[in-house]
Amino acid sequence: MNIILQILKCIMLTTLVLLASCQKDYRMHNMVDDTLYIRDYEEVKIDVYDWGMFDYNLSVIKAGVGQTSAQVHLVVDDAYLTAYNQKNGTAYKVLPSDCYQFNIDKLTFEEKDQQQNFQIIFNTDRIRDLQGKDREEYVLPCKLQSSDNALVSLKPEMSVTLIVPTLREPYLSFESPGLSDETITLSPTSQEEIVSRSFVKTNYKNIWEMDYEVTVDPTALDAYNASVEENKRFKLLPEAAYSLPEGKLKLEANHNRSFFDYKILKNGLITGTTNLFGNYCLPLRLSTVSKHGIHPKDAIILVPIAFLPEVLDRSLWKVIKASSEWIGGGEKELILDGDPATFWHNVWMGGEPPLPHYLIIDLGKDCDIMSIELSRRLSSNDLKVVKFELSTDNVLYEPIGEINFGPITDNPKSVAEINIPTARGRYLKCTITESNRPPSSSIAEIYLKGLE
């Protein structure tokens, strides 16, 4: 029995050896031989920042089965540039040798190495003297050569590259310069302060820790206002209505982006009981930076701030009295119908009454009034001066302000608005004291803003 088992073991061992000798090793199947090539071959345009010596890494890749070692050199190939210019219709010139240097003259790849870099150091002072900034004129045609010709690129064009350096100014700038798309909105009922945030960035890969400062620049707002129509202009935000961060701001090393916070303060837009309503702007400028420069155009942001009261609901309002009204298209109720094409008009036929004319509006309940907006007749800007009084009982009235459109030649606009010290009442009396076509006058619409 033992003899039989030994015989069987010998047969099985022999079979396994024979089977193993027939198997093929497929581990290298479809794997290509090792090759070397330039990662950014043919042409690469780079920004070289003007700070003296600028480093650029030219990456060399070894691909394939990873069983070969090699040494490679990087050489300047004038012939490649000549052929490139002829093929592409360009007129590039070879960058002089005093404008750059290679940190090493060769790379050594071991069997398993996959990537190494030649470091090219550009002399930005020489490039500036040679071609100035923001120009593409001088280039560096580079060719990869294997020391022992052991490794070559799969394609000849993968062993050459045309480096096109463009000298740039290194800048710090606002990330979103100019007029902000978002308006910071305040109202009498809004929170006392609003924190806002703005971002700055470099146009280069930053490795330094830097300080910078942000200041308010009224001249930037003046320049903006001069470039737009009057209805798009802003008032300068009062100094009491904002708070900027104190001291210098930081951009950390190895960060290309930073931010700072500032506050908009509602109390700075209130004097006593008067709300200083309006459309304001906070013009911020990047004023200093501790390293390199500031972008000449993208150093300003204009932050719109709207401080406005809320428009009061007119659904309960009624015009309870008018000194006179023209029945047949000039009724007193038309100042509340929401249509600027309709209007109240005093009696004008059969004995037109003299100025002043007046109307009394019942708001339905006591309200805090902070702003009055009046629209005059579109087809005839006869309305000139309107005085406003407010009452809680329709008996005793207190003056709260007036709107003066002035002569038509000075002010052809049909809408005017005034901000007033906050006044509380239910009955609003509107008295027309002057007309551009006396004694006739008219009012198209009236709106109030404030708090109910």
Side-chain angles (χ1 to χ4, degrees), residues 36-62 70-109 115-149 152-153 156-172 202-208 210 253-254 256 289-296:
L36 286 172
Y37 64 92
I38 298 173
R39 185 185 63 186
D40 299 320
Y41 57 87
E42 291 189 328
E43 178 183 288
V44 56
K45 294 186 177 183
I46 65 170
D47 290 331
V48 175
Y49 291 96
D50 189 9
W51 54 55
M53 307 302 287
F54 180 87
D55 299 340
Y56 170 72
N57 288 328
L58 180 68
S59 297
V60 179
I61 307 298
K62 185 164 80 72
Q71 287 187 342
V72 289
H73 295 271
L74 192 66
V75 298
V76 176
D77 188 354
D78 293 0
Y80 174 61
L81 177 58
T82 301
Y84 184 94
N85 282 334
Q86 291 176 350
K87 178 182 177 181
N88 296 281
T90 52
Y92 288 134
K93 304 173 187 176
V94 176
L95 191 68
S97 59
D98 63 349
C99 293
Y100 66 91
Q101 64 186 55
F102 299 142
N103 66 325
I104 53 177
D105 61 356
K106 65 181 177 181
L107 295 176
T108 299
F109 282 84
Q115 177 177 323
Q116 293 194 54
N117 299 323
F118 283 107
Q119 188 179 68
I120 304 174
I121 305 170
F122 290 97
N123 186 325
T124 63
D125 294 334
R126 285 290 299 118
I127 295 176
R128 187 191 330 109
D129 295 340
L130 185 68
Q131 69 175 19
K133 297 179 181 179
D134 303 319
R135 292 188 61 192
E136 298 177 357
E137 183 177 358
Y138 288 86
V139 299
L140 193 59
C142 296
K143 183 176 183 179
L144 197 64
Q145 290 185 338
S146 177
S147 300
D148 52 7
N149 293 320
V152 295
S153 300
E157 61 268 25
M158 298 175 71
S159 64
V160 289
T161 187
L162 193 70
I163 301 174
V164 185
T166 301
L167 193 64
R168 305 290 191 193
E169 189 72 28
Y171 288 130
L172 182 70
T202 61
N203 64 338
Y204 55 89
K205 186 176 181 180
N206 177 53
I207 61 173
W208 301 275
M210 293 186 292
N254 301 312
N256 301 337
V289 64
S290 60
K291 198 167 187 67
H292 308 312
I294 297 173
H295 197 285

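No hydrogens, no waters, no symmetry mates; every other heavy atom, side chains included, goes into these values.
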Could you report the tightest heavy-atom contact between [X] and [Y], atom names first, then the distance?
X    : Y    : value
L162 : Y92  : CD2-CD1, 3.8 Å
L140 : V76  : CD1-CG2, 4.0 Å
A253 : N206 : CA-ND2, 4.3 Å

Is it the case that atom NZ in K133 sees more than 12 heavy atoms from other parts of the structure closer than 6.0 Å?
yes
So for atom OH, which belongs to Y41, do other residues, nucleotides or ligands contribute more than 12 heavy atoms lying within a distance under 6.0 Å?
no
Using a 4.5 Å cut-off on heavy atoms from C-beta on, say whether the side chain of [Y] contacts that of [X].
X    : Y    : value
R39  : V60  : no
I127 : N123 : no
L144 : V160 : no
T202 : Y171 : no
P96  : Y138 : yes
F109 : L107 : yes
T166 : R168 : yes
L74  : L58  : yes

For Q131 and E137, indicate whether the former's side chain and the latter's backbone hold a donor-acceptor pair under 3.5 Å.
yes
Aromatic ring pairing F122/Y56, orientation class (parallel under 30°, perpendicular over 60°, tilted between):
tilted
Does the plane of the ring in F102 sit parallel, tilted or perpendicular to the ring in Y100? Use 30° and 60° as the thresholds.
tilted
Distance in Å, [X] [atom1] paired with [Y] [atom2], rounded so as to fall on 0.5 Å steps:
X    : Y    : atom1 : atom2 : value
H295 : N203 : NE2   : CG    : 7.0 Å
I120 : I163 : CD1   : CD1   : 3.5 Å
N57  : Q115 : CG    : CD    : 9.0 Å

In terms of side-chain heavy atoms, does D50 have a donor or acceptor partner in T124 at a distance below 3.5 Å?
yes
Distance-only donor-acceptor check, side chains D40 and T161, under 3.5 Å
no
With ring pair (Phe, Tyr, Trp, His ring centres under 6.0 Å) as the test, would you mind laying out the steps for H292 and Y49 before giving the verdict?
CA-CA 10 Å; H292 308 312; Y49 291 96; 8.7 Å; no
